[in-house]
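Read the structure below first, then the notes.
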There are 2 protein chains.
Amino acid sequence: MEKEVTIYDIAELLQLSAATVSRALNDHPAINIKTRQRVQSKANELGYRSNTFASNLRKKTTQTLGVIVPRLNSHFMSSVLAGMEVVANKAGYHMLISQSLESAANEKANARTMFNNRVDGLLVSLAYDTESYDHFAGFIKKKVPLLFFDRVTDFMECPGIVIDNYKAGYEATRHLLAQGCQQILHVTGNLRRNVYNDRMEGYKKAIQEAGLSERAVQVIVNDLSAEAGVVLARQIMAMEQKPDGVFVASDICAVNCMRALIDAGYRIPDDVAFVGFNNDHVSQIIDPKLTTVDYPGHQMGELAVSTMINHLTSNQPLGATSSIVLRSQLIVRASSKRLLGAD
Amino acid sequence: MEKEVTIYDIAELLQLSAATVSRALNDHPAINIKTRQRVQSKANELGYRSNTFASNLRKKTTQTLGVIVPRLNSHFMSSVLAGMEVVANKAGYHMLISQSLESAANEKANARTMFNNRVDGLLVSLAYDTESYDHFAGFIKKKVPLLFFDRVTDFMECPGIVIDNYKAGYEATRHLLAQGCQQILHVTGNLRRNVYNDRMEGYKKAIQEAGLSERAVQVIVNDLSAEAGVVLARQIMAMEQKPDGVFVASDICAVNCMRALIDAGYRIPDDVAFVGFNNDHVSQIIDPKLTTVDYPGHQMGELAVSTMINHLTSNQPLGATSSIVLRSQLIVRASSKRLLGAD
DNA sequence: CTGAAAGCGCTAACAG
DNA sequence: CTGTTAGCGCTTTCAG
């Protein structure tokens, strides 16, 4: 490491005080325009770079947002992060990202790290098996704004950015019903998470409204992974009363299941219709293309960060906004079209 | 923000000096074990958290690694990042992540930010159109270790973590030749990037070795996106002399092309065989499943960070390791099997 | 518009 | 094993 240039070096060379240099560098209004220019050009010349730590230490702000997600490597989540990054970057914030790998224990450790690093705000999408929320208590106590997205909780009174999973589940199921399905299987994730529970409730509501018997409600909970999709196909094949429609809460799981069924000779949508969730890339690759719910990941990320930053800068209480609901949309494709000319 | 607890508060309560408290908290060996315990339990009791900025300011280290990637939301890149995060987290490092969105200008801005934030090391995978490397000069000058992964350059004498793209391209092409293909089209990305250029060179080498005429070498450069795959299908359909094999440097592009061709009535692999690259999820969803090159993203991330941290802690010169090559592997699936019982 | 002075919280000599 | 002292580089009153 070479010697770093400080504002004192610049001050000395320009016969100014460090205070003036500091102000000039930060575009303080009460500084002579000429002085500012002299300082800034000298700074460039010397390759000066501001020392963020000294500045943070002094200002007691970090310009950093913490983000805890279940996994970095899912199509949806990486879109969210990409959206977040764009907004954060533009506003001069940094992002400290970590993944819980769907484990509450990791989530806890990550939260601790974020806490010690004094992030200005924390954005969280909960792990699969998080039950207690104690690890977020410190943030509340220190008044560090906390915001949940996608996998939210209303345990704490923090705002959340979500889609209307209930409605999405309801509409997906209605669509299958409209295509003539009578026995619709719903496959979803851990029901402790709002996203999965709400989708299921929407599904149930639609089934009930259709006047089908209680037996028509059939739910399987798994981890919605690709592997789970293959297992799911075997389960379906082993059923006595086979479903004629399947609504899976994740495209990845759905397409893997479809693929296995097709390989085993099933015809989709004739034997069984499919609806997925997420509008993941794979939904357009599978044959027949998968009907799915489009889920605005990138936008969710943008909104999460802009809400947070807005709060941070304007100092509006975050608690005021209780939750923001984004629009999702059912995209009908061949995997569920059983009626001629059906949309 | 409530008042933060400092080591002075602890020192006062325990009738010790701040220095002793600091040492106790950092498990300094030359501290009485009992004192240490007293300090640590008091710290817990008060909800003390170390102020990273003060510490960094003093120690002149950040425990932070900068990462610049073309895009966060690709299957491959998010795997890399997931791998990086695991190793970094374990070693007590943080990651500052930003995306260039394939633009050299963004990459430059990101590098500047990383520089100002004084990352301890920088990990980069180059944008599509980066030509000049001036924006990394500051790191070299200040002796901040710089490491490239996947999309590397040997312009600077920095180590790189890569796979053998030449060999992978060669083997993919050899495979298509072995399946009886005579006119193999190669579709790749910007040839300025090693990954694409090397794959193409491997392709050419295989074609030449097979004793085919110069006309057998046919290369299309696009941005390897899903959309580019659809365009590609149209291009292929419009060709007089149609290829009987296509080797695409990205699965995403390949499957979208396949899908469009299949929809247009082409039979794969009979009319045209396909080989992709990345072993992306979609490669197993398309029908027929896509032969591809498995690319160890997670491992590449782990290795990149562990190499970096190793260097940072042991202070071995990074320049010594010029590059690390990971093993990639051709996975043969139905999209390219034209011979009975061929593997 | 500019300067002087103090202090953010921590660590590392150095001294005992 | 512990304390004293100084200072990392910056921002911000307060005073001119």
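Proteins get letters first, then strands, A, B, ... in listed order; numbering begins at 1 in each. Treat the numbers as computed from the prediction; the structure is a model and nothing was measured.
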Interface polar pairs with nucleotides 13-16 of chain C, N/O, under 3.5 angstrom:
residue : atom : partner : partner atom : Å
C:dA13  : N6   : B:R23   : NH2          : 2.9

TODO: Between B:A30 and B:L57, just flag the one whose closest nucleotide in DNA chain D comes earlier from the 5' side.
DONE: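 Checking each residue's closest nucleotide, the 5'-ward one belongs to B:A30.
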
[X] has an atom [atom1]; how far is it from atom [atom2] of [N], in whole Å?
{"X": "B:E4", "N": "C:dG9", "atom1": "CD", "atom2": "C1'", "result": "11 Å"}
{"X": "B:F53", "N": "C:dG7", "atom1": "CZ", "atom2": "C1'", "result": "17 Å"}
{"X": "B:K60", "N": "C:dC10", "atom1": "NZ", "atom2": "P", "result": "19 Å"}
{"X": "B:L16", "N": "D:dC1", "atom1": "CG", "atom2": "C1'", "result": "11 Å"}
{"X": "B:K59", "N": "C:dG9", "atom1": "NZ", "atom2": "C1'", "result": "13 Å"}
{"X": "B:I7", "N": "C:dA12", "atom1": "CD1", "atom2": "P", "result": "11 Å"}
{"X": "B:L25", "N": "C:dC10", "atom1": "CG", "atom2": "P", "result": "8 Å"}
{"X": "A:H28", "N": "D:dC14", "atom1": "NE2", "atom2": "C1'", "result": "13 Å"}

Open item on the list: I'd like to know if A:Y8 reaches the base of D:dC8 with its side chain, counting only an N/O donor and acceptor under 3.5 Å.
Closed with: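 Donor-acceptor pair under 3.5 Å: no.
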
Do any side-chain nitrogens or oxygens of [X] fall under 4.0 Å of OP1 or OP2 in [N]?
{"X": "B:T20", "N": "D:dT2", "result": "no"}
{"X": "A:K34", "N": "C:dC1", "result": "no"}
{"X": "B:Y48", "N": "C:dC10", "result": "yes"}
{"X": "B:T35", "N": "D:dT2", "result": "yes"}
{"X": "A:S17", "N": "C:dG3", "result": "yes"}

Contact class for [X] vs. all strands (heavy atom < 4.0 Å): base, sugar-phosphate, or nothing?
{"X": "A:S55", "result": "sugar-phosphate"}
{"X": "A:I31", "result": "sugar-phosphate"}
{"X": "A:T6", "result": "sugar-phosphate"}
{"X": "A:N26", "result": "sugar-phosphate"}

Open item on the list: With heavy-atom distances below 4.5 Å as the criterion, would you say the side chains of B:F115 and B:K142 are in contact?
Closed with: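 They are in side-chain contact.
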
TODO: Check the pair B:R118 / A:E4 against salt bridge (Lys or Arg N to Asp or Glu O under 4.0 Å), numbers first and verdict last.
DONE: CA-CA 11 Å; B:R118 289 170 156 72; A:E4 290 282 347; 3.3 Å; yes

TODO: Verify whether the ring centers belonging to A:F148 and A:Y133 lie closer than 6.0 Å.
DONE: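 Not under 6.0 Å, so no.
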
Task: Nucleotide nearest B:A54 when distance is taken to its side chain, options C:dC10, C:dC1, D:dC8 - done: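 The nucleotide sitting nearest to the side chain is C:dC10.
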
Task: Side chain of A:N32 - closest among D:dC1, C:dC1, C:dG9 - done: C:dC1

- [ ] Let me see the working for A:E102 and A:R193 under salt bridge (Lys or Arg N to Asp or Glu O under 4.0 Å), right down to the final yes or no.
- [x] CA-CA 12 Å; A:E102 301 286 11; A:R193 293 284 77 84; over 6 Å; no

Task: side-chain contact (heavy atoms from CB on, under 4.5 Å) between B:L303 and B:F149, worked out - done: CA-CA 10 Å; B:L303 197 59; B:F149 61 94; over 6 Å; no

- [ ] Have a look at B:E302 and tell me which of B:I161, B:T307, B:V87 forms a side chain to side chain contact (heavy atoms under 4.5 Å, CB included) with it.
- [x] B:V87

Open item on the list: Can you list everything that forms a side-chain hydrogen bond (donor to acceptor under 3.5 Å, both in side chains) with B:N44? Sequence neighbours excluded, please.
Closed with: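 Result, side-chain hydrogen bond (donor to acceptor under 3.5 Å, both in side chains) vs B:N44: none returned.
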
When the side chains of residues 63-72 of chain B are checked against the rest of the protein, which donor-acceptor pairs come out under 3.5 Å, sequence neighbours left out?
residue : atom : partner : partner atom : Å
B:Q63   : NE2  : B:G92   : O            : 3.2
B:T64   : OG1  : B:T62   : O            : 3.0

